[in-house]
Amino acid sequence: MTIKLLTIGLLFSGLACESLSAEDGSRLWLRQDSTAQATINCKIQQSAPIEKAKEELKRTWSGKPVVLELNYDTEHKALGREGYTIKGDTDSVRLESAGETGLLYAAYHLLRLQATGADLSRLDIREKPAYDIRTLNHWDNPDGTVERGYAGQSLWEWDKLPDTISPRYEAYARANASIGINGTVLNNVNASPETLSSNNLTKVKALADVFRPYGIRVYLSVNFASPKALGKLLTADPLDKEVTEWWEKKTDEIYNLIPDFGGFLVKANSEGQPGPCDYGRTHAEGANMLARTLKPHGGIVMWRAFVYSPTDSDRAKQAYNEFKPLDGEFLDNVIVQVKNGPIDFQPREPYSPLFTAMPHSQLMAEFQITQEYLGHSNHLVFLAPMWKEFFGDVSHQSLRAIAGVSNIGDEANWCGHDFAQANWYAFGRLAWNPELTSEQIAEEWLAQTFCSDPRFVNPVKEMMLASHEAAVNYMMPLGLHHIFAWNHHYGPEPWCHIKGARPDWLPPYYHQAGKNGIGFDRSLTGSNAAAQYPDSLACLFNNPHTCPDEFLLWFHHLPWHFKMKDGQTLWNALCHKYEEGVLTTEKMQETWKAMEPYVDKERFSRIAERLSIQKNDAVWWKDACLLYFQTFSKMKLPKGIRKPEHKLKDLMKVKLPISNYERPTKDMLP
Ligand code: GCW
């Protein structure tokens, strides 16, 4: 700590920014410690989650005595095994639940209140999670890489398990439990058949044993062809008797080791993965076969609807076309897992029309916490506002469960970017209660992760809340999508052309820019994807004059001179959006600069450095897209748009030497 920081620390004494010693970010939002001796009164003996609740309170609670009690009255039964009440008066605080995990969640809630400086004098809280299943999906591979992971290698040390148990496993479980996440799918949906080998299952068991006390169940992604690849059968046809028996035996083996195993996640017949369609069977037939084997054990199947194939049909329509006809055919322990949008985790997408098209099926939303399409772990993009947009359109009651593709790796601060921790946090909080506001989540997270001084929390919260819109603006405004560089999806490459590549993996397929205009026509005159939405929305989307600006080029191909609702031309509007994006990143840098007194040096400078990359990248995006699109529009940059800093021909040469599990470093960027 420097002298300067010390002085400032004293100046602000009495505020909660006192701890400015270097932090590596490893403690996440769980940074409280207390030397006070918490008094805990709990009669329940021998319960792992309750032991954890007591440990947490002892470690951190500094208030009045806490009573923990299991309560099976009508009120608590209605709140379920994970729900709870917190009631407090002048003498004590009572945590009550009908379940042991409910008490652990209540303890975390109480500690969150303490950490965020809430008034603890009278408490009357009732909580029940919106969904029973709130999972993280890890795209972690057996070799330790993480597909689309930007925080180092996988947390799971497969080669050392089951003998060596890293202390980070428990830290991971604790962090998840503190925000209500109760399930983890350990491995990539592009799953190796080896996942189900007996040797690997003993490792999975070791992890499940660490997670169990924290109320977390383990799930596995499975390769649909495992009976062939691992079991040496001649087929993986879901209607084949031997195949079914193979899965039954495998499932028995799993449950013998892990009695509370959650179930399987399956990516089938998607991006080259095997599936039931290889044998002329439907997704429902495949999913139901697995569901039957899991049913007696209480397990479930999460069957992904992320499917598309290189046909002439608009990619945005394909999942709907394939799954809608199967509505009502899935067994009751199958949940169809649908990505939030119809394409693929773009900076902004309309919701996937499947969410309003399958009333007779159980559906769950899949969000992407890792920032595959949002600047990896280099950009500060707070994702709660994006997920809230989704919940604004899709009623959260229509969903059965929720999944988030994790952004966690083995780096000290877990997520690469210190602010990416906020997305893990926000995912958990929204999975518990989708009605929380982004603002509330940002405030909570900041107060716990940094400090609760309003002079810090308020400006930084504003910065977080503006960050998603900023990213959309500097990357893909007005409904543009998928104009990313090939494979690693980091920077812009709207011109990208790879000989022999699938057209729907290439940007020109999506932006359709030419001298006549830009955008993908998904209206009645085009692919008619708009018709997959309920009539009122389809009507709105179909007409470029009523289609919301943020989806204009998602649904329409429009001339460069098209007159926008505010009177300006489409070209000018596009230019202004890119400029706005860059301006916001500059403002973010300024905001952060002024926060130096409130943040430890280590995190302060790490974040400042990333914000500078983000700003440079925003300029890169703006220059690349505007200069490239200008070759078609032939229009001038309007007044107020700053001159490009780069030349198009130079940007077209940029090739980042990274794979799909690395973030680029500063020296690689233009
Ligand atoms: O977003 C795309 C990614 C792939 C991923 C796939 C999927 C795991 O680019 O890396 O594969 O989606 O969701 O299955």
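Read the numbers this way: they start at 1 and go in the same order the structure lists the ligands and their atoms.
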Nearest-contact summary for [atom] - protein heavy atom, Å:
| atom | result |
| --- | --- |
| atom 9 (O) of ligand 1 | Glu372 OE2, 2.6 Å |
| atom 8 (C) of ligand 1 | Asn190 ND2, 3.3 Å |
| atom 4 (C) of ligand 1 | Glu147 OE2, 3.4 Å |
| atom 14 (O) of ligand 1 | Lys267 NZ, 2.6 Å |

* Asked: Quick check: does any side chain N or O of Lys339 sit under 3.5 Å from a backbone N or O of Phe306, one acting as donor and the other as acceptor?
  -> no
Of all the atoms in ligand 1, which lie at a distance below 4.0 Å from a heavy atom belonging to [X]?
| X | value |
| --- | --- |
| Asn188 | 8 (C) |
| Phe306 | 6 (C), 7 (C), 12 (O), 13 (O), 14 (O) |
| Val189 | 8 (C), 14 (O) |
| His489 | 9 (O) |

Exercise for the section: Kindly state whether the ring of Phe323 and the ring of His283 have centres lying under 6.0 angstrom apart. Expected result: yes
**Request:** Could you tell me if the ring centre of Trp505 sits under 6.0 Å from that of His482?
**Result:**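 No, ring centres 6.0 Å or more apart.
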| query | Above 12 or not: heavy atoms from other molecules or residues under 6.0 Å from OH of Tyr661? | reply |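 For Tyr661, atom OH is not crowded (no more than 12 foreign heavy atoms under 6.0 Å).
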Salt bridge Asp410-Arg168, side-chain N to carboxylate O under 4.0 Å: no
Heavy atoms only: which of Arg148, Glu366, Glu271 is nearest to atom 6 (C) of ligand 1?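 Result: the heavy atom closest to atom 6 (C) of ligand 1 is in Glu271.
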Please verify whether a non-hydrogen atom of [X] lies at under 4.0 Å from ligand 1.
| X | value |
| --- | --- |
| Asp344 | yes |
| Gln368 | no |
| Lys339 | yes |

Honestly, for Val405 the part within reach of ligand 1 (heavy atoms, under 4.0 Å) is neither
| said: Heavy-atom pairs closer than 4.0 Å: do any link ligand 1 to the side chain of Asn660, the backbone, both, or neither? | reply: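 Within the 4.0 Å criterion, Asn660 makes no contact with ligand 1.
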Glu493 and Lys655: salt bridge (charged side-chain N to carboxylate O under 4.0 Å, His left out), yes or no, with the steps? CA-CA 10 Å; Glu493 226 173 65; Lys655 290 275 170 255; 3.3 Å; yes
Point to revise | Asp240 side chain to Tyr279 side chain, donor-acceptor N/O pair below 3.5 angstrom | key: no
| What do you reckon, does Arg304 have a nitrogen or oxygen under 3.5 Å from a nitrogen or oxygen of ligand 1? |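 N/O-N/O distance below 3.5 Å exists for this pair.
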>> Please determine whether side-chain hydrogen bond (donor to acceptor under 3.5 Å, both in side chains) holds for the pair Asp617 and Tyr490, giving the CA-CA distance in whole Å, both sets of side-chain angles, and the decisive distance to 0.1 Å.
In response: CA-CA 10 Å; Asp617 286 351; Tyr490 185 79; 2.3 Å; yes
With a cut-off of under 6.0 Å to the ring centre and 45° to the axis, is Arg315 in cation-pi contact with Tyr308?
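The answer is yes, since Arg315 meets both limits relative to Tyr308.
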**Message:** Show, in sequence, the C-alpha distance, side-chain angles and deciding distance for Asp332 and Lys295, and conclude whether the salt bridge (charged side-chain N to carboxylate O under 4.0 Å, His left out) test is met.
**Reply:** CA-CA 9 Å; Asp332 65 2; Lys295 181 85 176 175; 2.8 Å; yes
